[in-house]
Amino acid sequence: MIAVLFGGGGFVGTALRRALLARGHAVRVIESPDAVAASTTDAGRISSADVQGLDATLAECTHLFHLACATTPGVSRREPSREVQDNLLPTARLLELLQSHPRVQTVFMSSGGAIYGNCLAESADIDIPPAPISNYGAGKAAVEAFMHAHHAITGSAVTVLRPSNLYGPGQTTRGDFGVVPALLQCARDGRPFELWGDGETTRDFLHIDDFLSRCASLVEAWRAAREL
């Protein structure tokens, strides 16, 4: 099996690539031209600007994991256009290419928090309609809609995953994203952690290994179905 990771150079993509390789799968990574240029030792990386290279890669792959996201909630709040320019437009271009490769199963990593907004239910599930209240969440909902349309148009298999806040080894500290590494960095530095609100807000967290297990199970289930 050959899996393509669209946006595979980040925290999740790096971990997923390692997990798939450990299971004997071939992996190709699609990244921005700058990221590819900075990688001098990895021949498995493909520039998102290389249309011919992308098309050839999609022709030989069985799975595509869409992990790319160029914004954070803070960034898209300040610049809503970034959701369209940096996330939605690259996705639409990718789906154009995928129309010629209907056998490819696409897995899109959405959001388990931003997609639902201020959900009043004790736990959100697939039956609760998306109601984003942020530009970041709206961007995820828009990509989900395009994925749904891609399935309707081509008949290609599409799976949407909505993980809650992912954390685990390899996650870097960013000033505006990732509460777990931010907490650990504050503890390491002996600094207080600033908490907004009244402290009653709750969040769900998902360890990266549990998410990787789910991704691997999707791949194995699809491969088993093909062999029937």
Side-chain angles (χ1 to χ4, degrees), residues 1-10 12-13 15-17 19-20 23 25-31 46 48 51 54-71 83-84 86-117 124-132 136-164 166 206 208 210-228:
M1 187 211 81
I2 300 177
V4 174
L5 309 185
F6 184 63
V12 177
L16 180 57
R17 183 188 188 201
L20 292 174
R23 289 170 169 82
H25 303 306
V27 180
R28 305 288 184 268
V29 175
I30 300 173
E31 288 192 278
I46 306 158
S48 58
V51 177
L54 288 177
D55 193 56
T57 300
L58 293 175
E60 65 175 359
C61 83
T62 54
H63 281 72
L64 183 139
F65 286 87
H66 185 320
L67 312 168
C69 185
T71 61
E83 285 297 327
V84 177
D86 297 345
N87 293 327
L88 197 54
L89 185 56
T91 296
R93 288 171 174 162
L94 176 67
L95 292 177
E96 283 184 17
L97 289 175
L98 280 171
Q99 288 186 30
S100 300
H101 307 285
R103 63 187 289 272
V104 176
Q105 182 183 29
T106 301
V107 180
F108 170 58
M109 192 182 83
S110 185
S111 168
I115 201 77
Y116 293 113
D125 57 37
I126 197 65
D127 295 324
I128 296 178
Y136 179 83
K140 293 293 188 183
V143 174
E144 285 194 16
F146 269 88
M147 290 291 168
H148 180 82
H150 174 67
H151 167 70
I153 293 168
T154 66
S156 301
V158 174
T159 301
V160 173
L161 300 178
R162 294 174 179 171
S164 52
L166 291 168
L206 181 64
I208 186 63
D210 294 323
F211 179 69
L212 297 179
S213 294
R214 181 54 179 158
C215 292
S217 69
L218 285 173
V219 172
E220 297 301 330
W222 191 79
R223 183 168 66 176
R226 289 188 63 194
E227 294 173 351
L228 291 177

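These numbers come from a predicted model, not from an experiment.
The shortest distance between side-chain heavy atoms of Phe65 and Val12 does not fall below 4.5 Å. With contacts defined as side-chain heavy-atom distances shorter than 4.5 Å, the pair Leu64/Leu94 qualifies. The closest side-chain heavy-atom distance from Leu206 to Arg214 is not below 4.5 Å. Under the 4.5 Å side-chain criterion, counting only non-hydrogen atoms from C-beta, Ile30 is not in contact with Thr57. A heavy-atom distance below 4.5 Å is found between the side chains of Leu95 and Met147.
In terms of the side chain to side chain donor-acceptor pair (under 3.5 Å) criterion, residue partners of Asn87 (sequence neighbours excluded) are, by chain and number, Thr71, Glu83. Partners of Asp55 under the side chain to side chain donor-acceptor pair (under 3.5 Å) rule, at least two apart in sequence or in another chain, are His101. Partners of Glu60 by salt bridge (Lys or Arg N to Asp or Glu O under 4.0 Å), not counting sequence neighbours, listed by chain and number: Arg28.
The nearest pair of heavy atoms linking Gly8 to Glu31 is N-CG, 4.4 Å. The minimum heavy-atom distance linking Leu212 with Ala15 is given by the pair CD1-O, 3.7 Å. Closest approach of Cys61 and Arg103 over heavy atoms only: O-NH1, 2.9 Å. Between Cys69 and Tyr136, the closest heavy-atom pair is SG-CE1, 3.7 Å. Between Ser110 and Ile115, the shortest heavy-atom contact is OG-CD1, 4.0 Å. The minimum heavy-atom distance linking Gly9 with Val29 is given by the pair N-CG1, 4.2 Å.
Considering CG of Leu97 and CG of Leu54, their distance stands at 6.0 Å, rounded to 0.5 Å. In this structure, CG on Asp210 lies 9.5 Å from CG on Leu166, to the nearest 0.5 angstrom. To the nearest 0.5 Å, atom CG of residue Leu16 and atom CD1 of residue Ile208 are 8.0 Å apart. Taking CG of Leu98 as the reference point, atom CD1 of Ile153 lies at 12.0 Å (rounded to 0.5 Å). Taking NE2 of His151 as the reference point, atom OG1 of Thr159 lies at 10.0 Å (rounded to 0.5 Å). Taken to the nearest 0.5 Å, the CZ atom of Arg93 stands 11.0 Å off from the CG atom of Leu88.
Between Glu144 and Arg162 a salt bridge is recorded (basic side-chain N to carboxylate O distance below 4.0 Å).
Between the side chain of His25 and the backbone N or O of Ile2 there is no donor-acceptor pair closer than 3.5 Å.
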*In sequence, state the C-alpha distance, the side-chain angles, and the governing distance for Leu161 and Phe211, and then conclude on side chain to side chain contact (heavy atoms under 4.5 Å, CB included).*
CA-CA 9 Å; Leu161 300 178; Phe211 179 69; 3.8 Å; yes
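No side-chain donor-acceptor contact under 3.5 Å links Thr106 and His150.
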